[in-house]
Every structure is written in structure tokens, then in C-alpha cells.
Number of protein chains: 2
Amino acid sequence: MGKVYTIHDIAIRLNISKSTVSRALRNHPDVSKETKMLVHDMASKLNYQKNILASNLASKNTNLIGVVIPEIARQHFFAQALSGIQKVAKEHGYIVMVCQSNEEFLEEINQVNALVNSRVAGILISLSKETNDYKHIQNAQDRQTPVVLFDRGTDKIEISQVLVDDYKGAYEITNHLIQQGYKNIAHLSGPMSLSISQKRYKGFMDALKDAGRSTTDAYVLQCDNLSLDAKEATERILGLKKRPDAIFCMSDYMAIQVLKELKSNGVKVPEDIALAGFAGDPITEIVEPQLSTVEQPAFDIGVQAAKRLIMEIETDDRETLGFIHKILNTNLLVRESTT
Amino acid sequence: MGKVYTIHDIAIRLNISKSTVSRALRNHPDVSKETKMLVHDMASKLNYQKNILASNLASKNTNLIGVVIPEIARQHFFAQALSGIQKVAKEHGYIVMVCQSNEEFLEEINQVNALVNSRVAGILISLSKETNDYKHIQNAQDRQTPVVLFDRGTDKIEISQVLVDDYKGAYEITNHLIQQGYKNIAHLSGPMSLSISQKRYKGFMDALKDAGRSTTDAYVLQCDNLSLDAKEATERILGLKKRPDAIFCMSDYMAIQVLKELKSNGVKVPEDIALAGFAGDPITEIVEPQLSTVEQPAFDIGVQAAKRLIMEIETDDRETLGFIHKILNTNLLVRESTT
DNA sequence: ATGAAAGCGCTAACAG
DNA sequence: CTGTTAGCGCTTTCAT
């Protein structure tokens with residue numbers, strides 16, 4: 001039932017001006033030690049809490065960082081990246097607010113706009129798989145809100161991005177499959193609107209090509225959980241007259257589903273079909289057989305992206321700071337499912 | 001580089017007053033169709049976006065709901081609950097901002113205070129496992145910010161809570177173990193600061209008692225990942241002279257780790273030792289053997305908690321609305337690991 | 001070192 | 001239906 005006190009209240013009680021209180025509270029050098037003491041004491045006595053809305057409105061800046069990710073759950077990657085973001089944000093005195101786009105374009109637009117309107121200091125986005133238009137992002141930037149993309153980027157607009165070397169990661173694991181002697185490698189790719197799908201697909205194809213394999217008969221299924229889910233895709237693969245002896249899935253999440261489906265069809269991994277994923281989700285270590293995958297530096301992506309965003313927020317010359325593309329390395333994890 | 005326009009800008013251009021613009025934008029009935037048209041047109045022409053800070057400051061309310069959860073990842077439960085929260089929030093025009101306490105008390109306090117200071121309309125909290133003092137929550141309520149606890153509650157303060165029937169869930173799965181003929185059931189409990197640990201522990205003990213079992217020699221290990229992690233706990237159990245023939249873990253997360261450890265020690269589940277978890281995490285269906293567990297209505301918890309919070313936010317008589325304790329039912333999932 | 005005054009961008013009586 | 005006038009609670013010149 002407590003009244004909510006303002007600087008006014010404490011100014012009155014101390015018989016000084018609002019301005020002085022405001023300064024004292026922010027530890028402004030122009031305030032005497034004694035006044036500061038008095039103010040702080042009174043503040044804690046009244047349990048004063050600064051109204052951040054008012055503060056931000058007046059000072060025209062906030063300590064909020066908005067994060068928009070496709071989904072918070074299921075993908076261990078985002079959770080990890082988020083931790084990285086939060087670590088850095090905290091160190092620099094920012095609070096992060098997280099929004100989910102649920103992989104929906106319209107929802108992403110909504111969230112971004114809501115964040116901009118809430119006058120966040122900056123925004124970190126990992127694009128939804130439906131996103132193929134970037135006006136909302138452009139718009140945010142135009143409205144002086146720095147934006148940094150992480151993990152899922154685009155070349156269509158000028159913007160800082162912190163990504164993973166998806167191409168190389170896919171290339172390496174495909175190559176590993178080839179080295180292991182698998183002759184007929186299928187690829188379950190993701191929606192091609194996603195940069196990561198494209199790059200992983202390309203890495204896959206190039207690895208085949210470079211090994212002198214025909215890429216024309218490489219069996220690729222685009223699997224986006226809408227028109228085609230992993231379960232169905234697996235069935236199709238199993239139904240092929242020339243059944244692949246290895247499957248490279250563009251994500252661990254897919255790989256897990258495929259594994260489940262293979263098992264329930266009595267197909268042995270890796271004896272009958274080898275299986276590889278992408279992400280480095282901890283679950284790949286738990287399933288049987290353990291899944292080979294491409295480990296991503298998820299936490300570090302978050303860290304780098306947040307650091308860059310904060311730099312863009314705090315610079316006084318955005319113009320000459322420009323944009324960066326940072327590509328982080330992956331790490332091939334060879335496990336039971338491909339050996 | 002775009003200038004950021006305000007209602008003032010559009011008022012000037014249209015030669016009307018700010019108030020009318022403000023009203024038109026909010027679709028106030030007192031504004032003529034034509035003016036509304038003009039205003040909206042001009043607004044979109046200038047790409048006007050309302051400054052929510054100013055709006056909220058003036059109207060003294062926000063459309064933000066803060067959520068504080070121990071951790072966003074790893075526990076599928078929270079992700080699910082969050083989805084439920086977001087669904088309801090969206091339906092009612094609220095935006096949710098999510099904060100992690102990382103299971104740390106101090107971090108929880110920080111997050112709650114930050115949310116209150118940002119003048120969120122209300123807060124949903126699932127307590128950290130370190131939390132045993134509730135001043136920060138009391139404080140938020142005192143400052144007119146409704147708070148609802150979900151999943152992890154407490155009886156120490158008067159507050160609305162949406163919980164799961166942990167006691168009954170634990171009782172039932174323990175009973176199932178007993179029915180299956182397991183004679184020596186161990187329990188890996190969680191930190192006793194957590195209401196859910198206590199209730200699950202009690203459910204376990206009572207089930208034994210009611211079956212006429214001696215509870216004094218029931219082997220219970222309190223396992224909080226700090227003083228004792230699941231791996232170590234498993235080793236201890238395996239080292240027992242009178243080795244248990246079943247283990248009931250207070251969480252699926254624990255159960256998975258135990259399972260891993262049992263396997264790596266060549267112990268067969270359920271032949272040598274049966275294993276059960278709690279939560280209904282999808283991972284329990286993926287591991288081998290599939291884990292018996294107690295399914296929680298995670299999404300629904302989120303839904304109910306959010307609904308209640310919004311009710312408390314929007315009521316004009318908080319006093320007589322009072323608090324509620326809502327206990328949702330669980331569902332026993334019997335699978336391979338206990339049969 | 002402190003105060004007075006203006007204003008951030010919006011909403012909300014109150015008039016008319 | 002529209003305009004005028006005050007604020008919301010804080011920051012920020014500009015004086016003193």
C-alpha cells in the first residue's frame with residue numbers, strides 16, 4: 001500500500017530542490033558530500049525508486065536492450081546466445097528484454113516496433129525463417145536505434161552481424177562423411193529464406209563437388225516443418241529406391257527427429273544409415289547413438305553481438321563506426337552416429 | 001537518418017491541436033471520422049511511432065508484463081510456460097519482457113526491481129532456488145505492481161500463485177514404483193528451499209508410508225548441483241551396500257544425468273535399477289530407455305498465471321479481489337524405465 | 001554547490 | 001467534436 005515517492009518528495013523533506021536531489025542520486029560531481037548523504041539516506045528511508053520512464057524520457061536514452069529471437073525453447077543455441085548477451089549487457093549496465101517472434105515475420109515486425117517505440121537503446125535480432133523483407137529493421141535503424149543481427153543474418157541490408165561460419169561447418173561435416181566412406185549422402189535442409197540454410201546447403205554441395213561427387217543426384221530435401229516435417233522427410237528417404245547411406249541434417253533438432261523415426265523403422269544408425277546434425281546441442285550427446293554435429297560458439301555469438309551493439313549504442317559517431325560482419329568458427333564433433 | 005516525429009509535428013502540419021491528434025491516434029470516439037483519417041494518413045506518411053515512454057508516463061500505466069524465471073534454457077518447462085504467458089499477454093495487448101535470475105537470489109532481486117522501476121504493469125515470477133526472503137516481492141506489491149508466482153511458490157507471503165500438484169505427482173509416481181514391485185526406492189531431491197522439492201519429497205515419503213514401507217531407511221539424497229550433482233549422487237547410490245532397485249529423481253533434468261551415469265557404469269535401466277523423473281520434458285521420450293515421468297501442464301500454468309496477473313492488473317479494486325492459489329493437476333507417464 | 005525554469009512526448013480533465 | 005491547460009517524474013541548461 002506504500003505511496004510511491006518521487007524526487008519531489010525527498011526534496012521537500014530535505015528542503016532542497018528537485019535538481020539537487022536528481023544530481024545527488026546520480027552521483028553528480030557538483031553535489032556536496034553532505035547533501036549526497038542526506039539525499040541517499042532519505043531515499044532509502046522512503047524506499048525511493050527512480051521512475052525509469054520519466055528518467056529516460058527526459059534524458060532521451062535508455063538502458064534497455066531488446067532481443068528478438070525466433071524461439072526461446074527447443075533450440076539450445078538461442079538460450080546459450082542469450083546468456084552471452086545477458087552477461088555483456090549486465091557488465092555494461094543494460095537490462096535485456098527478450099521477445100519471441102515464433103518464427104513469424106509479422107510477429108517479428110511487431111516486436112521490433114514495440115521495442116523501438118519503447119525507446120530501447122538497441123536491438124539484437126536473429127531473423128525469423130519467414131523474414132525476407134527488412135523494412136522493419138531499416139526502419140529501426142532510421143529511427144536511431146542500432147540493430148545487430150546474430151546467427152541469422154542477411155546480405156540484403158547494411159547492418160552489423162555476428163554469424164557463424166555455416167558454410168565451413170557444413171563443408172567440414174560433409175567432408176567427414178565422405179572420408180568415412182559414405183557414398184550416397186542426403187541432406188535435409190531448412191527453409192531457404194534462412195541464410196544459415198543456404199550456407200549449410202552450399203557447404204554440403206561444395207564438399208561433394210570438391211570430392212568429385214556428382215551433386216546432381218545428391219538427395220536434398222527442404223524441410224521447414226510446415227510443408228514437410230522431419231518425420232515425413234525421413235519416410236521419404238527410406239522409401240527411395242537408391243537409399244542414402246548417410247543423412248546430414250541442417251540442425252540437431254531435425255537430426256533428433258530423424259533419429260527417432262529411423263529407429264522406429266528399425267533402421268540402425270550408423271550401420272544402416274549414418275546421421276549428422278548441426279548446432280552442438282547437448283542433446284546430441286545424450287541420444288543413442290551420440291550424434292556427430294557441428295558445434296557453434298553460441299555463448300560467444302551472444303557476447304560478440306552484444307559487445308558490438310553496445311559499441312554502436314555508445315559511439316557518438318555512428319556514421320564513421322560503420323558496420324561489421326563477424327564470422328565465428330565452428331568445431332566438428334565426430335561421434336558414434338557417423339563412425 | 002530519419003527525424004523522429006511526434007504528435008506535435010503532425011498537429012502542426014494538420015493545423016489542429018496535439019490533443020486531437022493524440023485522441024485520433026488512440027481511436028477515441030470523440031474524434032470525427034475525417035480528422036481521424038487525416039491524422040492517420042499524416043502519421044503513416046511521417047512514419048510516426050508513438051513514444052511509449054511518454055505515453056506511459058502520462059497515462060501512468062504500461063502494457064508491459066515482466067517475467068522472471070530461473071533459467072530460460074535447459075528446462076523445457078519454463079519455455080513452455082513462457083509460451084503460455086505470451087499467448088495470453090498478446091491476446092490482452094501486453095508485451096512481455098523476460099528476465100533470467102540464473103537461480104540466483106541477488107539477480108532475482110535486481111530483475112524485479114528493474115521491472116518495477118520500468119513501471120511494468122505486473123510481474124510473473126518463478127522463484128530462484130536461492131530465494132528464501134521475499135521482501136523484493138512484497139516491495140513490488142507495495143508499489144502497486146501486481147505479482148503472481150508460478151510453478152515455484154511460497155507460503156511465506158500473501159500472493160497469488162499458480163502451481164502444480166507436486167505432492168500428488170510425486171506420490172503417484174512413487175506409488176507406481178511400489179506397484180511395480182520395487183522394494184528399495186531412492187529419491188534424489190532438489191534444494192529444500194524450493195517449494196517443489198519439498199512437496200515432491202513429501203509425496204515420495206507419504207507414498208512409502210502409505211504402502212507400509214519403512215521411510216527411515218529410504219535413501220534420500222539432496223542434490224542441488226552445487227554441493228552435490230547428479231553424477232556424484234549416482235555414484236554414491238551405486239556404492240551403497242544395499243543398492244536401491246529404483247530411483248525417483250525430482251526432475252527430468254536430473255534423471256537424464258543419472259541415466260547417463262548409470263549407463264556408463266554398465267547398470268541397466270530398468271533391469272538393474274528403475275528410474276523415474278518429474279516434469280514431462282520431451283527429452284524423456286527421446287532417451288533410451290524412455291523415462292517414466294510426471295507430466296506438468298506447463299503451457300497451461302503460463303496461461304493461468306498470466307490470466308490471473310492481468311486480472312489483478314486491470315481490476316479497480318485489488319483489495320477485494322484478493323489472492324488465489326491455483327493448483328493444476330499432473331499426469332503420470334509410465335514408460336520403459338520403470339517397467 | 002544549489003536553484004529556477006523549461007521541456008522530454010504524451011494524456012487528461014475541463015471548457016467551449 | 002476540438003482546443004487549452006496542466007501535468008506525469010525526471011533531466012538539463014542557465015543563473016546565482
Side-chain angles (χ1 to χ4, degrees), chain A residues 2-40 42-43 46-64 114 116-121 143-145, chain B residues 2-40 42-43 46-64 114 116-121 143-145:
Chain A
K3 169 170 173 10
V4 176
Y5 293 97
T6 71
I7 49 171
H8 183 188
D9 297 307
I10 107 166
I12 289 204
R13 281 170 178 65
L14 258 33
N15 229 308
I16 57 179
S17 76
K18 282 195 312 180
S19 338
T20 305
V21 175
S22 173
R23 291 194 190 97
L25 255 15
R26 279 172 299 150
N27 232 302
H28 192 106
D30 280 7
V31 181
S32 73
K33 274 229 168 294
E34 301 86 58
T35 343
K36 273 184 189 164
M37 284 286 296
L38 287 169
V39 170
H40 280 114
M42 183 57 74
L46 297 184
N47 187 21
Y48 166 83
Q49 302 282 126
K50 137 169 11 174
N51 183 326
I52 295 191
L53 291 185
S55 168
N56 290 343
L57 178 59
S59 65
K60 283 168 165 284
N61 58 44
T62 77
N63 63 333
L64 252 46
V116 173
N117 293 351
S118 299
R119 297 301 188 270
V120 295
R143 289 163 57 60
Q144 323 290 6
T145 310
Chain B
K3 168 169 174 10
V4 175
Y5 294 97
T6 70
I7 49 172
H8 183 142
D9 296 307
I10 107 162
I12 289 204
R13 281 171 176 67
L14 257 33
N15 228 309
I16 57 178
S17 76
K18 284 194 313 179
S19 339
T20 306
V21 175
S22 172
R23 290 194 192 97
L25 256 14
R26 279 173 298 151
N27 232 303
H28 192 107
D30 281 5
V31 181
S32 73
K33 272 230 169 295
E34 301 88 58
T35 340
K36 273 185 191 166
M37 283 286 296
L38 287 169
V39 170
H40 279 114
M42 183 56 76
L46 298 184
N47 188 21
Y48 165 84
Q49 303 281 127
K50 151 182 340 188
N51 184 326
I52 295 191
L53 291 185
S55 169
N56 290 342
L57 179 59
S59 66
K60 284 167 162 286
N61 60 43
T62 76
N63 63 334
L64 252 44
V116 173
N117 293 350
S118 299
R119 296 303 188 270
V120 295
R143 289 161 60 56
Q144 321 290 4
T145 310

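Chain letters run A, B, ... following the sequence lines, proteins first and then strands; every chain starts at 1.
Residue B/S32 places no side-chain N or O under 4.0 Å from the OP1 or OP2 atom of D/dC1. The phosphate of C/dG3 has OP1 or OP2 within less than 4.0 Å of a side-chain N or O from A/S17. The shortest distance between the side-chain N/O atoms of B/Y5 and the OP1/OP2 oxygens of C/dC10 is not below 4.0 Å. Not one side-chain nitrogen or oxygen of B/K60 sits closer than 4.0 Å to the OP1 or OP2 atom of C/dC10. When the side-chain nitrogen and oxygen atoms of A/S55 are compared with OP1 and OP2 of D/dT11, one or more of them lie within a distance under 4.0 Å.
In this structure, the nucleotide among D/dT2, D/dC10, C/dT2 sitting nearest to the side chain of A/N51 is D/dC10. Ranking C/dC10, C/dA4, D/dT11 by closeness to the B/A58 side chain, first place goes to C/dC10. The listed nucleotides are D/dC1, D/dT11, D/dG9; the one nearest the side chain of A/A54 is D/dG9. Distances from the side chain of B/L57 to the nucleotides D/dC8, D/dC14, C/dA1 place D/dC8 closest.
Of the two residues near DNA chain D, B/V31 and A/S22, the one whose nearest nucleotide lies more 5' is B/V31. Along DNA chain C, the nucleotide nearest B/Q49 and the nucleotide nearest A/T20 are compared for position; the residue whose nucleotide lies closer to the 5' end is A/T20.
Annotation: side chain of A/I7 is in contact with side chain of A/L25 (closest heavy-atom distance under 4.5 Å).
Using a 4.0 Å heavy-atom distance criterion, B/K18 is classed as a base contact. Looking at heavy-atom distances under 4.0 Å, B/S59 makes contact with sugar-phosphate atoms alone, never a base. Backbone-only contact: B/I16 has heavy atoms under 4.0 Å from sugar-phosphate atoms and none from a base. Looking at heavy-atom distances under 4.0 Å, B/R26 makes contact with sugar-phosphate atoms alone, never a base. When heavy atoms are screened at a 4.0 angstrom cut-off, A/D30 is found touching base atoms of the nucleic acid.
Between A/N56 atom CG and D/dC8 atom C1' there is a gap of 14 Å when expressed in whole angstrom units. To the nearest angstrom, C1' of C/dT2 lies 13 Å from CG of A/N15. When the C1' atom of C/dG3 is taken as reference, atom NE2 of A/H8 falls 14 Å away, rounded to whole Å. The CG atom of B/L25 sits 14 Å away from the P atom of D/dT2 (whole-angstrom rounding). With rounding to whole Å, B/N27 atom CG is found 17 Å from C/dC10 atom P. Rounding to whole angstrom units, CD1 of residue A/I7 and P of C/dA4 are separated by 13 Å. Rounded to whole angstrom, the span from the NE2 atom of A/H28 across to the P atom of D/dT13 amounts to 10 Å. Here D/dT4 presents its P atom at 11 Å from CZ of B/R23, a figure rounded to the nearest Å.
Under the 3.5 Å distance criterion, the side-chain polar atoms of B/H28 are left unmatched by any main-chain donor or acceptor of B/A24. Side chain of B/T62 to main chain of B/R119: a donor-acceptor pair is present (N/O by atom type, distance under 3.5 Å, no hydrogens or angles).
B/R23 and B/S19 form no side-chain donor-acceptor contact under 3.5 Å, judged by distance and modelled atom types alone.
Figure legend: cation-pi geometry between A/K50 and A/Y48 absent, as NZ or CZ is not positioned both under 6.0 Å from the six-membered ring centre and within 45° of its axis.
Nearest heavy-atom pair, B/D9 versus B/T6, reported as atom, atom and distance to 0.1 Å: OD2-N, 2.7 Å.
Taking 3.5 Å as the limit, the base of D/dT4 and the side chain of B/S19 contain a donor-acceptor pair of atoms between them. Judged by atom type and distance alone, B/R119 does not reach the base of D/dG9 through any side-chain donor-acceptor pair under 3.5 Å.
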